[in-house]
Q: 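Following this message is one structure expressed as structure tokens.
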Amino acid sequence: MATDAPIVLQTGSRTVSCPPIMNRRHFVQTSATVAAGTVLSSCLSAEQHPIHFEVHGPEGGVPLFLGFPLMASYAEIFGQERAAVKDGFLSRLADRYRVLLVDYPNVGRTMVPAPAEMTPDRVYSDLLSVADAAGFDRFSYCGHLWGAINGLMLASRSDRVSALICGTWPPLGAPYADMLRGGEMQLAEPPPHAMVILRNPEQYAQWRTFYSGMQDWPEADVAAAITCPRIALIGSEAESSVAGIPLRLVERLREARPTLEAMGWTVREIPGAETAAILDPAVMVPEMRAFLAGVEG
């Protein structure tokens, strides 16, 4: 990560630069616009492009980074009728937690990275830059599917993650090869559900870039290297596919469970929950809070 790069905050019509390294987080915390317990701002990624994020909840709250599929501009991306998803998570979390949401990758108010630049290293650096700009030194992280992969990278490559919820994705035996193969099959004609988020069909190539970079991912070493409190959480009926290729997420996690538990992971299936439950705060937040309360003391 380019730790010597300045962070830029956009506060209304005023833009200010943050000095690098030691003073950066304090500067961000004291310079951002704060209203009703919410910080809405933008930072620069490692390559100096703006990434939009929001922080909700009390200033002294426990830092919690909510990754994909939740996003800062959720209603703007999916339509106002879907605003209840984001609101439901925040209303159930922001009493105790300082919640960070980000528009990423190249979605909502964020315009980066370009498809050819969305490597795993770039994603890792960008998300840590957002955490820096939000004033999050150490934080709990929760993400599902692609967001869970991001959590595995953050927790294994940095010491910043204090607790990890790896949602709807097996930390071992994951279908990285299937994701690459399916993504390449759909390059010419991205599926309709993908186009809800993408700005144009050419952007779908970002998934080829990302999953190409994950083909040599040392899963066993990564899963063993993560020593913070960690849980692999999945609905018992959760399934997904790409280009018609079944991902067998529940089956894969069940196969990996003995090995993961021997490494110190908690593995939990939510009875009867399907993949859609990852966006149901009434289902997910009680699971999140129960795990986090157990490890926060």
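Quick note: numbers below take in every heavy atom, side chains included, and nothing from hydrogens, waters or symmetry partners.
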Q: Is Glu117 reaching over with its side chain to a backbone N or O of Pro113, donor-acceptor style, under 3.5 angstrom?
A: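 Not confirmed, Glu117 side chain does not pair with Pro113 backbone.
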Q: To the nearest 0.5 Å, what is the distance between CG on Asp126 and CG on Asn150?
A: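 The CG atom of Asp126 sits 10.0 Å away from the CG atom of Asn150.
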Q: With side-chain contact (heavy atoms from CB on, under 4.5 Å) as the test, would you mind laying out the steps for Met71 and Ile197 before giving the verdict?
A: CA-CA 11 Å; Met71 303 169 196; Ile197 297 177; 4.2 Å; yes
Q: Roughly how far, to the nearest 0.5 Å, is the CG atom of Leu198 from the OH atom of Tyr204?
A: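 The CG atom of Leu198 is 8.5 Å from OH of Tyr204, to the nearest 0.5 Å.
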Q: Examine distances only and state if a side-chain atom of Thr110 and a backbone atom of Asn106 form a donor-acceptor pair shorter than 3.5 Å.
A: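 The answer is no, because no donor-acceptor pair under 3.5 Å joins these two groups.
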Q: For Trp146, give me all partners under ring pair (Phe, Tyr, Trp, His ring centres under 6.0 Å), at least two apart in sequence or on another chain.
A: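 Here the qualifying residues are Phe68, Trp207, Phe210.
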Q: Indicate the atoms forming the closest heavy-atom contact of Val161 with Ala163, along with that distance.
A: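 Nearest pair, atom of Val161 first, then Ala163: CG1-O, 3.3 Å.
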Q: Check whether more than 12 heavy atoms from other residues, nucleotides or ligands sit under 6.0 Å from atom CD of Gln215, and answer yes or no.
A: yes
Q: Please test Tyr176 against Trp169 for ring pair (Phe, Tyr, Trp, His ring centres under 6.0 Å), starting from the C-alpha separation and ending with a verdict.
A: CA-CA 11 Å; Tyr176 296 110; Trp169 191 261; 5.5 Å; yes
Q: Indicate the atoms forming the closest heavy-atom contact of Ala134 with Val55, along with that distance.
A: CB-CG2, 3.8 Å
Q: Return the set of residues passing salt bridge (Lys or Arg N to Asp or Glu O under 4.0 Å) with Arg289 (not counting sequence neighbours), or none when no residue passes.
A: Asp95
Q: Show every salt bridge (Lys or Arg N to Asp or Glu O under 4.0 Å) that has at least one partner inside residues 265-274, sequence neighbours left out.
A: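 Non-adjacent pairs meeting salt bridge (Lys or Arg N to Asp or Glu O under 4.0 Å): Arg254-Glu269, Arg268-Glu287.
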Q: Please list all pairs passing the ring pair (Phe, Tyr, Trp, His ring centres under 6.0 Å) test where one or both residues lie in residues 70-117, with sequence neighbours left out.
A: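 Those involving residues 70-117 are Tyr74-Phe78.
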Q: Below 4.5 Å, heavy atoms only, C-beta onward: do Ile165 and Arg230 meet side chain to side chain?
A: no
Q: If you take all heavy atoms of Leu253 and Ala232, which pair is closest and at what distance?
A: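 What the structure gives for the nearest pair is CD1-CB, 3.9 Å.
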Q: Any side-chain heavy atom of Val267 sitting closer than 4.5 Å to one from Ile234?
A: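 Counting from C-beta outward, Val267 and Ile234 never come under 4.5 Å.
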Q: Measure across Pro69 and His144 and return the closest heavy-atom pair with its distance rounded to 0.1 Å.
A: CD-CB, 3.9 Å
Q: Give me each pair satisfying salt bridge (Lys or Arg N to Asp or Glu O under 4.0 Å) with a member in residues 63-91, each pair once, sequence neighbours excluded.
A: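 Qualifying pairs: Glu54-Lys86, Glu76-Arg109.
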Q: Does the side chain of Leu100 reach to within under 4.5 Å of the side chain of Leu66, using non-hydrogen atoms?
A: no
Q: Determine whether Leu154 and Leu164 make a side-chain contact, defined as any pair of heavy atoms from C-beta on separated by less than 4.5 Å.
A: no
Q: Is there a donor-acceptor pair closer than 3.5 Å between any side-chain N or O of Ser91 and the backbone N or O of Gly88?
A: yes
Q: How many angstroms lie between OH in Tyr124 and CE in Met153, if you round to the nearest 0.5 Å?
A: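 Reported value, rounded in 0.5 Å steps: 9.5 Å.
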Q: For Arg208, is there an ion pair with Glu184 - N to carboxylate O distance below 4.0 angstrom?
A: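 So Glu184 does not pair with Arg208 through a salt bridge.
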Q: State whether the side chain of Arg252 and the backbone N or O of Pro171 hold a donor-acceptor pair below 3.5 Å, judged by distance alone.
A: no
Q: Quick one: are Met111 and Arg199 in side-chain contact, heavy atoms under 4.5 Å?
A: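 The answer is yes, as the side chains (C-beta and beyond) meet within the 4.5 Å cut-off.
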Q: Which atoms form the tightest heavy-atom contact between Ala220 and Met263, and what is the distance?
A: O-CE, 3.8 Å
Q: Can Arg96 and Val62 be said to form a side-chain contact (heavy atoms from CB on, under 4.5 Å), step by step?
A: CA-CA 6 Å; Arg96 173 173 174 77; Val62 179; 4.0 Å; yes
Q: Which heavy atom in Arg122 sits nearest to a heavy atom in Val112, and how many Å separate them?
A: NH2-CB, 3.7 Å
Q: Should His52 and Val102 be marked as a side-chain contact (heavy atoms from CB on, under 4.5 Å) after you check the CA-CA gap, both sets of side-chain angles, and the distance that decides it?
A: CA-CA 6 Å; His52 178 73; Val102 61; over 6 Å; no
Q: Could you tell me the separation between the CZ atom of Phe53 and the OG atom of Ser129, rounded to the nearest 0.5 Å?
A: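 The CZ atom of Phe53 sits 11.0 Å away from the OG atom of Ser129.
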Q: Side chains of Arg248 and Glu255: closer than 4.5 Å at any heavy-atom pair?
A: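 Yes. Closest side-chain heavy atoms under 4.5 Å.
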Q: Could you go through the side-chain contact (heavy atoms from CB on, under 4.5 Å) check for Ser240 and Leu249 one step at a time?
A: CA-CA 7 Å; Ser240 188; Leu249 299 176; 4.1 Å; yes
Q: Do Pro115 and Glu202 make a side-chain contact, defined as non-hydrogen atoms from C-beta onward lying under 4.5 Å apart?
A: no
Q: Answer whether the closest heavy-atom distance between the side chains of Cys228 and Ser162 falls below 4.5 Å.
A: no
Q: Flag yes if more than 12 heavy atoms outside Asp216 fall under 6.0 Å of its CG atom; otherwise flag no.
A: no
Q: Given 3.5 Å as the limit, does a donor-acceptor pair link the side chain of Asp103 with the main chain of Ser73, or not?
A: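 Between the backbone of Ser73 and the side chain of Asp103 there is a qualifying donor-acceptor contact (under 3.5 Å).
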Q: Enter the distance from Leu152:CG to Cys166:SG here, rounded to the nearest 0.5 Å.
A: 4.0 Å
Q: How long is the straight-line distance from OG1 of Thr275 back to CG of Leu145, given to the nearest 0.5 Å?
A: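 Answer for the CG-OG1 pair, Leu145 versus Thr275, is 7.0 Å.
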Q: Partners of Glu239 by side chain to side chain contact (heavy atoms under 4.5 Å, CB included), sequence neighbours excluded?
A: Val250
